[in-house]
A.B. asks: 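Dropping a structure here in structure tokens format, bear with me for questions.
Whatever order the structure lists them in is the order used to number ligands and atoms, beginning at 1. Just so you know, residue 1 is the first one in the sequence shown, and it goes up from there.
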Amino acid sequence: MAKQKTIQAPKGMHDILPEDQKYWRHVMKKSQSLIEDYSFERIDTPIVEPTELFLRSVGSSSDIAEKEIYNFKTKGGDDISLRPEGTASTVRAYLENGMNVRPHPVKLYYIGPMFRHDQPQQGRYRQFYQLGLETIGDASEVVDAELIFLGYKILDSVGLHGYNVHINSIGDQSCRPAYLRALKDFYKNKIKKVCPQCRIRFKKNVLRMLDCKEEGCREVNKEAPPIIDFLDDTCKTHFKRVLEFLDETKVPYILDSSLVRGLDYYTRTVFEFLPEENITAQSAVISGGRYDRLIDMLGGSKTPAAGWAMGIDRVVSEVKAKGISVPEIGIKPRVFLAQLGEAAKKKSLALFENLRKAGIEVKSSFGRDSIKSQLRIAHRLGVKYTLIFGQKEALEGTIILREMDTGIQETLLLTKVVDEMKKRLKK
Ligand code: ATP
Ligand code: MG
């Protein structure tokens, strides 16, 4: 039979190999423990949702809805999408499970894979992981500041420094329309200078032109009127107070009037964590903002909320690139259990479990039959002792203990071996 061709992962999707797991574990563990200290509770939602949920929340003219969504028809004819982000699902779950009657704010977090049919490149994948926080039911500025502060603390705790929070306010439904008119006026005679995508945005959602990553558009955008000049008093006060809170926390921030964020549901505060240097279109590690209208857009009553999401793949790759040392996963073995022959092999599993239960860091290679190759592994692992369990020993109820440094061997009674190992390893 001809050799079968191997199969590749779908474009833009990747495996997380065993050697990388320690970085993932480190980032998750550090962030989760901080988040839980701040009283956020975990929620898990399905990986798929009705497509309508995303069209109604992220907005039909967002990058996500226009080109990035993975949607399909089920056998039953339902229109379903792989989730591109976590906020819409969290709010859907909040409403569906009647969490609106719980004491507010309801503070939730999620961790999981997201899917976007993006152009894959370094730091941009079609399946990627996000960790996100949402504070639902509190309009006050301190919420925005707490979320940003927590993002900053998380990066710090995983060992990443040198990030600035780029922050802006995009106003709300009462002051934004005047700004959108001013933007339309501004772009009207520059339409030839912007990219084809922005020409569409000019008609559909002019605000998003500010967010374009094309070089030519970025040049044009430098001259655009800043939204700050158009905020009404309540939005201006909100923004000012968020900044005052941030001043207290000493989180470094940069006012960035071009920051508008890709999704339609944001109001007032929007922010992104970007490195101090070498900013590219893939540099944001945490992005979020306030979304005071999303809950009513999804059928709830008007409820203020704010949140952010962190791109775990990007954070992990920075942790690796910076050479940050992270704890190893698994035990560092001190004893190796080698076995020879059927009778010994049969009893090895139980012996291994007895040693493990007694807190002895033990490794074994049950599949191997040659004592030479097992001793080679024991040497490579750097264990202090190897227990050699052969055919003869298994029948006699004994086992050989070999001290690896000296090669000195002695015979122990099988019934005494756990206690003897505990004594020698000072357990
Ligand atoms: P970007 O501007 O990089 O496209 P976005 O505005 O689409 O990001 P959000 O939807 O707010 O990003 O997602 C929050 C975070 O998730 C981002 O800051 C980033 O770290 C990460 N992220 C977003 N899209 C991807 C992707 N395709 N691959 C890997 N990480 C991503
Ligand atoms: Mg994007």
Side-chain angles (χ1 to χ4, degrees), residues 9-14 16 24 27-28 31 54 57-59 61-70 81-91 109-134 147-148 150-152 154-155 158 160 163-168 170 197 201 205 207-214 217-218 221 256 258-266 269-275 278-291 294 306-321:
K11 188 176 169 192
M13 304 197 181
H14 61 109
I16 305 169
W24 285 79
V27 170
M28 308 272 217
S31 6
F54 302 117
S57 55
V58 300
S61 65
S62 66
D63 282 348
I64 288 182
E66 274 182 351
K67 51 187 182 15
E68 296 176 0
I69 205 150
Y70 277 91
S81 291
L82 291 178
R83 61 181 183 192
E85 56 107 50
T87 304
S89 309
T90 304
V91 169
Y109 80 93
Y110 59 84
I111 299 177
M114 305 295 158
F115 304 84
R116 296 184 194 174
H117 202 273
D118 219 336
Q119 197 46 48
Q121 50 196 297
Q122 181 63 32
R124 193 172 291 287
Y125 309 107
R126 290 185 172 179
Q127 176 176 336
F128 60 100
Y129 286 77
Q130 280 188 343
L131 179 156
L133 302 187
E134 320 287 357
L147 286 164
I148 294 171
L150 204 43
Y152 187 74
I154 288 175
L155 294 181
V158 303
L160 291 183
Y163 282 82
N164 288 318
V165 179
H166 290 235
I167 188 166
N168 193 19
I170 56 169
Q197 190 65 36
R201 289 179 182 139
N205 187 346
L207 190 64
R208 301 245 4 270
M209 292 178 76
L210 291 172
D211 193 35
C212 185
K213 283 159 184 145
E214 297 287 327
C217 300
R218 282 194 198 210
N221 291 347
D256 185 346
S258 70
L259 185 69
V260 293
R261 309 278 306 115
L263 314 180
D264 277 4
Y265 54 59
Y266 287 109
T269 320
V270 289
F271 55 86
E272 245 170 38
F273 283 67
L274 292 167
N278 305 326
I279 298 178
T280 68
Q282 278 75 250
S283 295
V285 287
I286 295 179
S287 336
R290 182 160 274 289
Y291 53 93
L294 179 59
W308 57 240
M310 173 170 96
I312 308 179
D313 307 68
R314 290 186 191 175
V315 170
V316 164
S317 96
E318 278 304 294
V319 167
K320 272 180 77 176

A.B. asks: Report the part of Asp118 (side chain from C-beta onward, or backbone N, CA, C, O) that has a heavy atom under 4.0 Å from ligand 1; answer both or neither where that applies.
C.D. replies: side chain
A.B. asks: Based purely on interatomic distance, does Phe128 place a nitrogen or oxygen under 3.5 Å from a nitrogen or oxygen of ligand 1?
C.D. replies: no
A.B. asks: Are any of the heavy atoms in Gly288 under 4.0 Å away from ligand 1?
C.D. replies: no
A.B. asks: For atom 2 (O) of ligand 1, state which one of Gln130, Gln121, Gln127, Lys213 supplies the nearest heavy atom.
C.D. replies: Lys213
A.B. asks: Under a 4.5 Å cut-off applied to non-hydrogen side-chain atoms, are Ile167 and Thr269 in contact?
C.D. replies: yes
A.B. asks: Salt-bridged, Arg116 to Glu85, with N to O below 4.0 Å?
C.D. replies: no
A.B. asks: Compute the minimum heavy-atom distance from Arg126 to ligand 1 and say whether it is under 4.0 Å.
C.D. replies: no
A.B. asks: Have a look at ligand 1 and work out which part of Glu85, if any, has a heavy atom under 4.0 Å from it: side chain, backbone, both or neither.
C.D. replies: neither
A.B. asks: Looking only at distances, can you tell me whether any N or O atom of Glu272, backbone or side chain, sits closer than 3.5 Å to an N or O atom of ligand 1?
C.D. replies: no
A.B. asks: Taking the six-membered ring for Trp and the single ring otherwise, decide whether the centroids of Phe273 and Trp308 are under 6.0 Å apart.
C.D. replies: no
A.B. asks: Give the atom numbers and elements of ligand 1 that come within less than 4.0 Å of a heavy atom of Gly123.
C.D. replies: 28 (N), 29 (C), 30 (N)
A.B. asks: Assess the residue pair Tyr265 and Tyr291 against the criterion (ring-ring contact (aromatic ring centres under 6.0 Å, His included)); give the C-alpha distance rounded to whole Å, side-chain angles, the decisive distance to 0.1 Å, and a yes or no.
C.D. replies: CA-CA 6 Å; Tyr265 54 59; Tyr291 53 93; 5.7 Å; yes
A.B. asks: Excluding sequence neighbours, so at least two apart, what forms ring pair (Phe, Tyr, Trp, His ring centres under 6.0 Å) with Phe54?
C.D. replies: none
A.B. asks: Which residues satisfy the side-chain contact (heavy atoms from CB on, under 4.5 Å) test with Pro10, sequence neighbours excluded?
C.D. replies: Met13
A.B. asks: Under 3.5 Å between any N/O of Gln282 and any N/O of ligand 1: does that happen in this structure?
C.D. replies: no
A.B. asks: Side chain, backbone, both or neither: which part of Arg314 comes within less than 4.0 Å of ligand 1 when only heavy atoms are counted?
C.D. replies: side chain
